[in-house]
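Before any comments, here is the structure.
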2 protein chains.
Amino acid sequence: MADFSIGELAKRTLTKVETIRYYERIGLLPEPARTEGNYRSYDRAQLGRLSFIRRARDLGFSIDQVRELLDLADQRDRSCEAVDVIARQHLAEVERKIADLTALRVELSDVLGGCQRGTVADCRIIETLAPAPA
Amino acid sequence: MADFSIGELAKRTLTKVETIRYYERIGLLPEPARTEGNYRSYDRAQLGRLSFIRRARDLGFSIDQVRELLDLADQRDRSCEAVDVIARQHLAEVERKIADLTALRVELSDVLGGCQRGTVADCRIIETLAPAPA
DNA sequence: CTTGACCCTGTAGTGACAACAGGGTCCATA
DNA sequence: TATGGACCCTGTTGTCACTACAGGGTCAAG
């Protein structure tokens, strides 16, 4: 049912082949099936899992955080309180990041607007994310 | 005018002292003034700059991307086209990240909702970010 | 049956910090 | 005034998350 090689998987997820093997070594991806010639063989599930990992990493989550998020999906047999605590923490972080990115988007739009009008926009990019959360 | 030490700056930006010195070494932060005893002395501008750097890093931007964003704020004398191209690219990336995080937020909310009702939610966390952008 | 693209298992190098080591500064208190 | 603890200085080394070889095996095409 449409299995594919590590190179194929790498291409589809915009990931380096070495990175996929690295994720396998640290246990983030399960050991895949092997072909007769000892080549790794992946399926759709692995593709989904790796896509998720890569995009979560791109969003600034650490490997350990990605592991937790994957566990939320994998181990649904865990205690409800544990799931709740972890999901709640990640939700708070996600919402904070959305807020920061939204502010940054406004500033980038302003820069573009100023540029299109041929004027020098009063650039407040730094101020956007500047005030320390403390 | 309320200058402060590296330790103070570290506390206010939730950054390690060593990280601040590292940013100075690679030219992301300008060399600060020094006190009589050769201690680094920072002001509000540096505080803002460092806060921006830390939060941009947390949002998954690389050091080089942060450098570009800072340049958008610093070098407003650059050509309009260059600014436009760079700002446009970052805007696209920011919007993509917001979309991903928004999808993730929905899934985390669902996990919490299911948990509160004491049932096991049909967890689609992975599927949320799964389909390869290809 | 060879050649080039791909795969394998190592090990070593890089980017972005984090953690010492060995020493100097500062200042509140004895 | 001196001394102890908190903080600072400049190195150098360690860690995390990849990334890039090195040296060799697999495989479909010609």
Side-chain angles (χ1 to χ4, degrees), chain A residues 2-43 46-47 49-71 93 97 129 134, chain B residues 2-43 46-47 49-71 97 129:
Chain A
D3 286 7
F4 33 86
S5 69
I6 195 169
E8 192 86 7
L9 182 62
K11 226 169 279 173
R12 296 200 198 184
T13 56
L14 304 177
T15 307
K16 296 265 151 51
V17 165
E18 288 89 348
T19 303
I20 297 174
R21 288 196 281 246
Y22 170 72
Y23 287 158
E24 183 184 327
R25 256 205 322 286
I26 65 172
L28 210 56
L29 283 175
E31 294 187 13
R34 296 282 182 144
T35 67
E36 193 67 16
N38 200 32
Y39 282 20
R40 285 170 180 81
S41 176
Y42 298 92
D43 59 15
Q46 310 272 53
L47 173 66
R49 195 178 177 89
L50 179 55
S51 289
F52 178 84
I53 293 169
R54 291 263 84 197
R55 298 173 75 180
R57 291 285 299 124
D58 175 63
L59 294 170
F61 293 97
S62 71
I63 291 279
D64 276 353
Q65 288 176 320
V66 173
R67 226 185 274 274
E68 280 184 357
L69 287 168
L70 287 172
D71 284 354
E93 182 161 359
K97 289 187 179 200
L129 300 185
Chain B
D3 285 8
F4 35 86
S5 70
I6 194 169
E8 192 85 9
L9 181 63
K11 225 170 279 174
R12 295 199 199 186
T13 56
L14 304 178
T15 307
K16 296 267 150 50
V17 166
E18 288 90 348
T19 303
I20 297 174
R21 289 197 281 247
Y22 170 71
Y23 287 159
E24 184 184 327
R25 258 207 319 287
I26 66 172
L28 210 54
L29 283 174
E31 294 186 13
R34 297 281 183 145
T35 67
E36 193 66 16
N38 200 32
Y39 282 19
R40 286 171 179 80
S41 175
Y42 298 93
D43 59 15
Q46 310 271 55
L47 174 65
R49 195 177 177 89
L50 179 55
S51 290
F52 178 84
I53 293 169
R54 291 263 84 198
R55 299 175 73 181
R57 291 286 297 125
D58 175 64
L59 294 170
F61 293 97
S62 72
I63 292 279
D64 276 354
Q65 287 177 318
V66 173
R67 226 186 274 273
E68 280 185 359
L69 287 168
L70 286 172
D71 284 354
K97 289 187 180 198
L129 299 185

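Proteins get letters first, then strands, A, B, ... in listed order; numbering begins at 1 in each.
For the pair B/Lys97 and B/Phe61, the distance from NZ or CZ to the six-membered ring centre is under 6.0 Å and the angle to the ring normal is within 45 degrees.
Residues B/Ser51 and B/Arg12 have side chains not in contact (no heavy-atom distance under 4.5 Å, counting atoms from C-beta outward). Considering only heavy atoms from C-beta on, A/Thr15 stays 4.5 Å or farther from A/Leu9 through its side chain.
A straight line from OH of B/Tyr22 to P of C/dG15 spans 8 Å, rounded to a whole angstrom. Across the protein-nucleic acid pair, A/Arg25 atom CZ and C/dT9 atom C1' stand 10 Å apart, rounded to whole Å. The interatomic distance linking B/Ile63 (CD1) with C/dT14 (P) rounds to 17 Å, in whole Å. When the C1' atom of C/dT11 is taken as reference, atom CD of A/Glu18 falls 13 Å away, rounded to whole Å. The distance between atom OH of B/Tyr23 and atom P of C/dG15, rounded to the nearest whole Å, is 15 Å. In this structure, the CG atom of B/Asp64 is 12 Å from the P atom of C/dC17, given to the nearest Å.
Closest approach of B/Arg40 and B/Pro32 over heavy atoms only: CG-CG, 3.5 Å. Residues A/Ser41 and A/Thr35 share a closest heavy-atom pair of CB-CG2, 4.2 Å.
Within the helix from C/dC1-D/dG30 to C/dA30-D/dT1, the inter-axis angle between the opening and closing five-pair segments is 0°, rounded to 10°.
Within a heavy-atom distance below 4.0 Å of DNA chain D, the residues of residues 34-42 of chain B found are B/Arg34, B/Asn38, B/Tyr39, B/Arg40.
There is no side-chain donor-acceptor pair under 3.5 Å between A/Tyr42 and A/Arg49.
No donor-acceptor pair closer than 3.5 Å links the side chain of A/Asp64 to the backbone N or O of A/Arg67. A side-chain donor-acceptor contact under 3.5 Å links B/Gln65 to the backbone of B/Ser62.
Residue-level contact check: B/Ile6 touches the backbone only, with heavy atoms under 4.0 Å from sugar-phosphate atoms and none from bases.
Reading DNA chain D from its 5' end, the first and the last nucleotide to sit under 4.0 Å from a heavy atom of chain A are D/dA17 to D/dC27.
OP1 or OP2 of C/dC17 lies within a sub-4.0 Å distance of a side-chain N or O belonging to B/Arg57.
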